[in-house]
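See below for the structure under consideration.
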Number of protein chains: 2
Amino acid sequence: MAQERSTRQRKAIEQALTRADRPMTPEELLALAQAEVPRLGIATVYRALKDLRDEGAVVAVEVPGHPTCFETAHRGHHHHFHCRSCRKVYEVQGCVHGVHGIAPKGFRVEDHEIVLTGVCAACAAR
Amino acid sequence: MAQERSTRQRKAIEQALTRADRPMTPEELLALAQAEVPRLGIATVYRALKDLRDEGAVVAVEVPGHPTCFETAHRGHHHHFHCRSCRKVYEVQGCVHGVHGIAPKGFRVEDHEIVLTGVCAACAAR
DNA sequence: GTCGTTGCAAAGCGTTTGCAGCCTA
DNA sequence: TAGGCTGCAAACGCTTTGCAACGAC
């Protein structure tokens with residue numbers, strides 16, 4: 001059966017993900033990883049992300065009007081902020097109590113995601 | 001400048017949206033509206049949704065791994081539940097306090113969305 | 001040497017757009 | 001009648017897949 005091999009391209013992609021302090025789009029990861037592997041193609045990025053997702057090492061973050069972002073899974077519980085000015089997605093530490101309590105009777109809640117929308121500090125300063 | 005006209009197809013799409021008790025995908029809306037207008041095309045659904053969104057009458061709901069859904073805007077403040085079994089997106093009444101408080105200093109929060117993930121009542125019963 | 005991985009290009013899928021004819025106001 | 005709206009098909013952007021060459025083990 002399938003074995004995961006450690007290749008230069010995969011290492012470059014994983015490194016780009018690990019170093020990022022916010023969720024990254026596949027295109028952003030491609031640009032970063034190409035510093036290591038110039039001939040890297042976007043398909044390889046998508047394939048690596050798919051494998052990493054299957055292993056549970058990265059998770060997808062999706063916000064309306066923005067291409068899907070990816071981040072490493074083991075960053076502790078946190079949420080996201082979407083700046084409507086620069087369109088970047090940021091990580092937000094912390095959570096709130098009682099989130100699971102709003103589900104209707106009979107619904108089994110296993111996880112939750114909170115996405116704040118507004119203007120980030122950098123954009124608000126301008 | 002542009003005037004909005006009331007057509008059979010637009011009425012059918014709005015009606016499908018209004019009657020739904022959960023966010024609907026464009027394909028679902030097409031299927032429902034075709035009961036009224038059999039020759040209705042998907043492009044018309046997208047155009048109607050775009051116009052309705054511009055007027056603020058409908059909003060998009062996006063959850064990872066699911067096509068974009070749409071719901072009417074004037075349903076009061078609520079959130080969503082994504083069933084990982086049947087993949088449907090449900091409406092969830094209620095909210096929690098302190099959600100905006102988790103944003104970092106300098107970030108201006110204007111809105112928020114909460115998406116619960118798990119198994120809906122119908123699927124859990126099976 | 002084996003077989004998973006890669007880069008390239010083509011295919012897929014959801015969404016948008018161009019266009020000629022239609023229909024509301 | 002004017003000009004927005006429609007259905008169709010082509011175009012679009014993001015993502016996945018087929019394939020032959022490549023390279024990790």
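Naming: A, B, ... by sequence-line order, numbering from 1 per chain. Side chains included, hydrogens not; waters and symmetry mates left out as well; all remaining heavy atoms used. Values in this document were obtained by computation on a predicted structure and should not be read as measured data.
Each of A/V37 and B/T68 was matched to the nucleotide of DNA chain C holding its nearest heavy atom; the match closer to the 5' end belongs to A/V37.
Rounded to whole Å, the distance from CG on B/D51 to C1' on D/dT6 is 13 Å. At whole-Å resolution of the value, CG in B/L49 and P in D/dT6 are 12 Å apart. In this entry the distance linking CZ of A/R10 with C1' of D/dG23 reads 13 Å, nearest Å. For B/D54 and D/dG4, the CG to C1' distance is 15 Å, given to the nearest whole Å. One interatomic measurement links the two molecules: CD of A/E36 to C1' of C/dT6, which rounds to 17 Å at whole-angstrom precision. Spacing between atom NZ of A/K11 and atom C1' of D/dA24 amounts to 10 Å, rounded to whole angstrom units. Taking atom CD of residue B/E28 and atom C1' of nucleotide C/dG14, one finds them 14 Å apart after rounding to whole Å. Here the C1' atom of nucleotide C/dC8 and the CG atom of A/L40 are 13 Å apart, to the nearest Å.
Of the candidate nucleotides D/dC25, C/dC23, C/dT5, D/dC25 has the atom nearest to the side chain of A/S6. Of the candidates C/dG7, D/dA24, C/dA25, the closest approach to any side-chain atom of A/R5 belongs to D/dA24. For A/R39, the side-chain atoms get nearest to C/dG7 when compared with the rest of C/dT24, D/dC8, C/dG7.
Nearest heavy atom pair, residue A/T44 against residue A/I13, reads O-CD1, 3.9 Å. Taking each heavy atom of B/R53 and B/F70 in turn, the nearest pair found is NE-CE2, 3.8 Å.
Atom NZ of residue B/K11 and atom OG1 of residue B/T18 lie 13.5 Å apart, to the nearest 0.5 angstrom.
Checking the phosphate oxygens (OP1, OP2) of D/dC5, no side-chain nitrogen or oxygen of B/T7 falls inside 4.0 Å. The side chain of B/Q9 contributes no N or O atom lying less than 4.0 Å from OP1 or OP2 of C/dC23. Within the 4.0 Å cut-off from OP1 or OP2 of C/dT24, not a single side-chain nitrogen or oxygen of B/R8 is found.
For D/dC5, the base has no donor-acceptor partner in the side chain of B/R47 [N/O atoms by modelled type, under 3.5 angstrom].
The neighbour count for A/H97 NE2, taken as heavy atoms of other residues, nucleotides or ligands under 6.0 Å away, does not exceed 12.
The aromatic rings of B/F107 and A/Y90 lie perpendicular to each other, with more than 60° between the two planes, well past the 30° mark.
Residue contacts shown for A/I42 are absent, as no nucleic acid heavy atom lies under 4.0 Å away.
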